[in-house]
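Only one structure is covered here, and it is reproduced in the block below.
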Amino acid sequence: MKIIVTVLLFVTCWNTTYAQDAALAKDERGKYIYYEVVEAKGVARATLVQRASDFLKTVNKKLVSFENASDTAVAGKGTFMIVLNKSVLAHPSGAVHYRFTAELRDEKYRFWLTDFGFIPFARDRYGNFVPATTFSTPLEKSPGKLGASEWKKYLESTATQAKSFGDQFKAYLQKAETRKTEPAAVNKTRW
Amino acid sequence: MIKKVTMMAAMAAATVSFAKAQDTLQISGSVDTYFKYDFEKGANIQTSFASDHNSVSLGMLDLALKKSTGKASFVGELSFGPRGQLQSIPGGDGSGSFHIQNLYTTYAFTDKFSMTAGYMGTFIGYEVISPVANYNYSTSYLFTNGPFQNAGIKANATLSDKIGVMVGLFNSEWNAYSATPTLGLNNFGAQISLAPIKGWNAYLNMITGSTAGTEFDLTTAYQITDKFKLGLNVADYSAAGDSDEGFTGGALYASYGAIGVRAESFKSKAVSSVVYSGVVADESVFALTVSGNIKAGGLTVIPEIRFDNGSTNMFRKSGTLPTAAPDSKSASQFALALVYAF
């Protein structure tokens, strides 16, 4: 009985977490947005601006790329690949483009991802998945009843990836993940 | 026991994370089936696929595998069913287990230069074998009479964001898994790809060989708005050693959202001894096809009506035996196709 309860609790907690993650808010323009305000005690604005710029310049270019920076803000644009089937037998269904903005002050900053636009992928004559069009469709645009379930999955995947992106960004600004630790060299002469 | 369950759950989560981190094996594909009704009650229009009259018939089950590991990748695509066997690939008439549409490996030396070897969908033409990538379900005369696949080796170079080049050596015959030993890779192919402005791409293609002949081809498409797309395919084929034998033609494609039109003009050259999809020497045909694309998830429903009008009798009226001489200049058909992509 204990086992059943534990498993049920595990599954319920996982589902609840997933549902919370898979939701984007809407801003005053009616556009989907992933938005966070973060405290960074003891870190000066200039340092935060520098770290935010470095993040956009150093992470995977396919995920996000640096556009511009000022004394108080950093902007970029990026792409999330949408892979609906998360098993090892997956292929991309499309890509979601977005704009990224961070505004930075002494000891705090906020950032948001918005202007999400979906581009569907299709398999070409060589069996590769490529963009089917150059025009993206805003995620806010209703696809109609026939494509609603797929669209919902695109939204969920976007929200999940936006959260993951946000976590990476926050970790970088806190310098929590900066140094990769390499295994120490083995000395076989002394043992 | 609880510890064990928790441990197993943690291990499962770790396994999933690990799997995600690897280069995944992509599996994709499609299935298609159709009903066609020819208004003269016979198999009149001789372009590829959708050939059966008054029947719910099979297209194909298409399965494609792709995997990349570092700079190397492979694609293997298998097809089963009339469209994927006897109607589009060599030896597919039941004489053996031949199901391969694509089977090649690629090595990307850099982001801008790669080499590919194997059996590949042709680089010539606007339409392809897979119904997923075509707007219309029935196919054009240019598609039917051009190459479907070319086996060989090719180099792809991206010169800039707007220009790319491909050159390759291909087996002596089109649509063949192997070359004639005495001829080898005696087809030379080249492609210049252009992307002048956002949404517009153009491909200038050429393939020439001492026995397969020479085809020049322009394929271009312009996505003008998110709904409106224009496409054009112009091609000229000359049989080996004789520029007066072959075909020439052009097809214009226009689609707006869920409805699209293809208008094609196709002409057999003056002394052609080959009959190209029912078009004899020095004769031509004009074909107009109107198709819908109604999408629901992975499913696309394609209702389609097609009218072909020849310069001479090249179709058969209702009641005329298939073995009798053509006695009609025109033909028309309705088709309803279901295509599911995954």
Side-chain angles (χ1 to χ4, degrees), chain A residues 1-14 17-18 61-62 81 83-94 117-138 141 143-154 157 160-161 164, chain B residues 1-2 4-6 9 13 16 19-20 22-30 62 64-66 73-77 101-104 106 116 120-123 125 127-130 132-133 148-149 195 197-201 222-229 294-299 301 341-342:
Chain A
M1 189 62 191
K2 279 181 182 176
I3 296 167
I4 295 168
V5 170
T6 308
V7 170
L8 283 174
L9 271 171
F10 178 81
V11 171
T12 310
C13 289
W14 190 86
T17 308
Y18 183 77
K61 288 273 185 293
K62 288 177 182 170
M81 294 304 295
V83 182
L84 293 186
N85 182 358
K86 294 289 180 65
S87 72
V88 290
L89 308 178
H91 65 75
S93 300
F118 178 74
I119 289 186
F121 277 28
R123 212 179 67 201
D124 69 8
R125 64 183 69 202
Y126 308 116
N128 300 307
F129 280 87
V130 295
T133 173
T134 49
F135 287 88
S136 63
T137 304
K141 194 171 178 179
K145 212 162 42 176
L146 293 178
S149 64
E150 295 277 310
W151 202 257
K152 189 180 168 205
K153 291 174 187 170
Y154 301 154
S157 177
T160 304
Q161 293 188 67
S164 171
Chain B
M1 190 65 185
I2 292 172
K4 278 186 182 173
V5 172
T6 312
V16 170
K20 282 179 192 170
Q22 304 303 302
D23 291 324
T24 57
L25 173 67
Q26 294 181 6
I27 295 187
S28 61
S30 66
D62 190 40
L65 310 177
K66 180 181 179 181
S73 62
F74 85 84
V75 169
E77 184 181 354
Q101 295 284 355
N102 274 297
L103 197 164
Y104 66 82
T106 297
T116 301
M120 299 156 277
T122 187
F123 56 96
E127 298 178 19
V128 298
I129 292 168
S130 168
V132 178
F148 285 5
Q149 298 102 350
I197 56 174
K198 184 189 175 190
W200 183 18
N201 56 56
Y222 185 21
Q223 184 85 45
I224 298 167
T225 70
D226 60 340
K227 285 188 175 174
F228 184 37
K229 183 178 182 181
I294 302 155
K295 292 181 184 293
L299 176 67
V301 181
F342 55 90

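Residue numbers begin at 1 in each chain, while the letters A, B, ... track the order of the sequences.
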Under 4.5 Å from a heavy atom of chain A, the part of B/F123 involved: both
Contacting moiety of B/K295, where chain A heavy atoms sit under 4.5 Å: backbone
B/K198 to A/F135 six-membered ring, cation-pi geometry met (6.0 Å, 45°): yes
Portion of B/Q223 that has a non-hydrogen atom of chain A nearer than 4.5 angstrom: both
Portion of B/L103 that has a non-hydrogen atom of chain A nearer than 4.5 angstrom: neither
Which portion of B/T116 sits near chain A, non-hydrogen atoms under 4.5 angstrom: neither
Atom group of B/S130 that falls short of 4.5 Å from chain A, counting heavy atoms: side chain
Chain A contact via B/I294 - side chain, backbone, both or neither, heavy atoms under 4.5 Å: side chain
B/K229 atom NZ, neighbour heavy-atom count above 12 within 6.0 Å: no
Contacting moiety of B/N102, where chain A heavy atoms sit under 4.5 Å: side chain
Under 4.5 Å from a heavy atom of chain A, the part of B/V132 involved: neither
Full working for side chain to side chain contact (heavy atoms under 4.5 Å, CB included) between B/D62 and A/R123: CA-CA 12 Å; B/D62 190 40; A/R123 212 179 67 201; 2.4 Å; yes
Residue among B/L65, B/T225, B/N201, B/V75 with most heavy-atom pairs under 4.5 Å to chain A: B/T225
Whether over 12 other heavy atoms sit under 6.0 Å from A/W151 CH2: yes
Side-chain donor or acceptor of A/Y126 paired with backbone N/O of B/Y104 under 3.5 Å: no
Approximate separation, where rounding is to 0.5 Å, of A/T133 OG1 and B/K227 NZ: 12.5 Å
Taking every non-hydrogen atom, the tightest pair across A/K141 and B/D226: NZ-OD2, 3.6 Å
Any donor-acceptor N/O pair, A/D124 side chain to B/A133 backbone, under 3.5 Å: no
